[in-house]
Amino acid sequence: MRSIISKRKVLFLLIIVFRTLILYLSVVISLRIMGKRQLGELQPSELVVAIMISDLASVPMQDIDIPLLSGIVPVLTLIVAEVVMSYISLKFKWARKIVTGSPSIVIYKGQIIEKELERLRFNLNDLISELRFNGCADIRDVDAAVVETSGKLSIIKKSKAKSQEGIPCMVISDGSVNEEELTRSGYTIGYLKEKLKEKGVKKIEDVFIASISDDGNLYIQIKEK
Amino acid sequence: MKSLIIALSIGLLTIVGSIAYTNHLESVTEQMTRENEIIAQALENERFEEANKSAKELIALVREKRVILDAVGNHQELDDIEKNLCEMTAFTQEKNKDDSIAKCRVLSFLIESLPRNFKIKIENIL
């Protein structure tokens, strides 16, 4: 009796193994049909497809009461939809705009485009950290920064970009003083206010971003009205 | 372009396969319904031997078509049909008219619901 039960268990497990292998193969083939471009850089629609495929394939993998085809057919349908959609995007500009969106310029000639940041719901800290991640510590060194449709930030540095020794201290961000950064810069609030006055800025609230570089240079960008 | 052709071929194949499967499913369920009606008629007339013979034929038919039906349909639905068939056979052998007829009605409902779940209808899509 015990041997019959254990034999059945092994057979049951083998069914799962076969089903998993079939689903694995169909997902791999489907992703190959989708193409290499999609695997390297996921666009929003491709990300959705990738997430859905992984979920669809896992359901019939675990439950042997669900037919394999009910996992394979939706996966294939998604791939067909994705390939057709990317072909339409390739041929028609309007479709490309709907499906993938368009890149957004967030810094142009060293100036942050506030409205664009707001539209993208991209905060200043994210932008600064992305700049640092791309080896650019100072906004002044950036000629243009573009948020690509894949969500990556591309940076075009100025031809004569200063090579910074340290990271500039972002003393004001979005109209409020960053105390930690101010302490790190070694300057006082009084000095900062004085410098702002010299540059014609009356209130700290009017400043979108202000940073002090290692050599004491103050960079200011006023908020857009 | 190559992947587009492959994708469109898959799409076309899925549609053709789906239509062919639905047609086949309808003919199989029609066959099953016919067999079940014969059983119901025999039970109404208390011809238990004939009902038992037809029930065995229906069991054989379900087993024969199970591979195709299982390929797309939920396995649980076919398990329910087989379970009810088994119970109906037992009641028929016992010459229990009321229970046999009750099981026959359940079977009729289960068989009819098979193609109903595959039809392109708003309630199936939602």
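Note on naming: letters A, B, ... go to the chains in the order of the sequence lines (proteins, then strands), and numbering restarts at 1 for each one.
Crowding of A:Met85 atom CE: a count of heavy atoms from other residues, nucleotides or ligands under 6.0 Å not exceeding 12. Within a 6.0 Å sphere centred on CD of B:Gln93, heavy atoms belonging to other residues, nucleotides or ligands number more than 12. Counting non-hydrogen atoms of other residues, nucleotides and ligands closer than 6.0 Å to NZ of B:Lys53 gives a total of 12 or fewer. Other residues, nucleotides and ligands contribute only 12 or fewer heavy atoms inside 6.0 Å of the CD atom of B:Glu49. Within 6.0 Å of the CD atom in B:Glu57, the count of heavy atoms belonging to other residues, nucleotides or ligands exceeds 12.
Only the side chain of B:Ile6 comes within contact range of chain A, with at least one heavy atom under 4.5 Å from a heavy atom of that chain. Heavy atoms closer than 4.5 Å to chain B are found in the backbone of A:Ile64, but not in its side chain. With a threshold of 4.5 angstrom between heavy atoms, A:Val84 approaches chain B through its backbone and through its side chain.
We find the CG-CG distance between A:Asp65 and B:Leu78 to be 10.5 Å, quoted to the nearest 0.5 Å.
Scanning residues 8-47 of chain B against chain A with a 4.5 Å heavy-atom cutoff picks out B:Leu8, B:Ile10, B:Gly11, B:Thr14, ordered by number.
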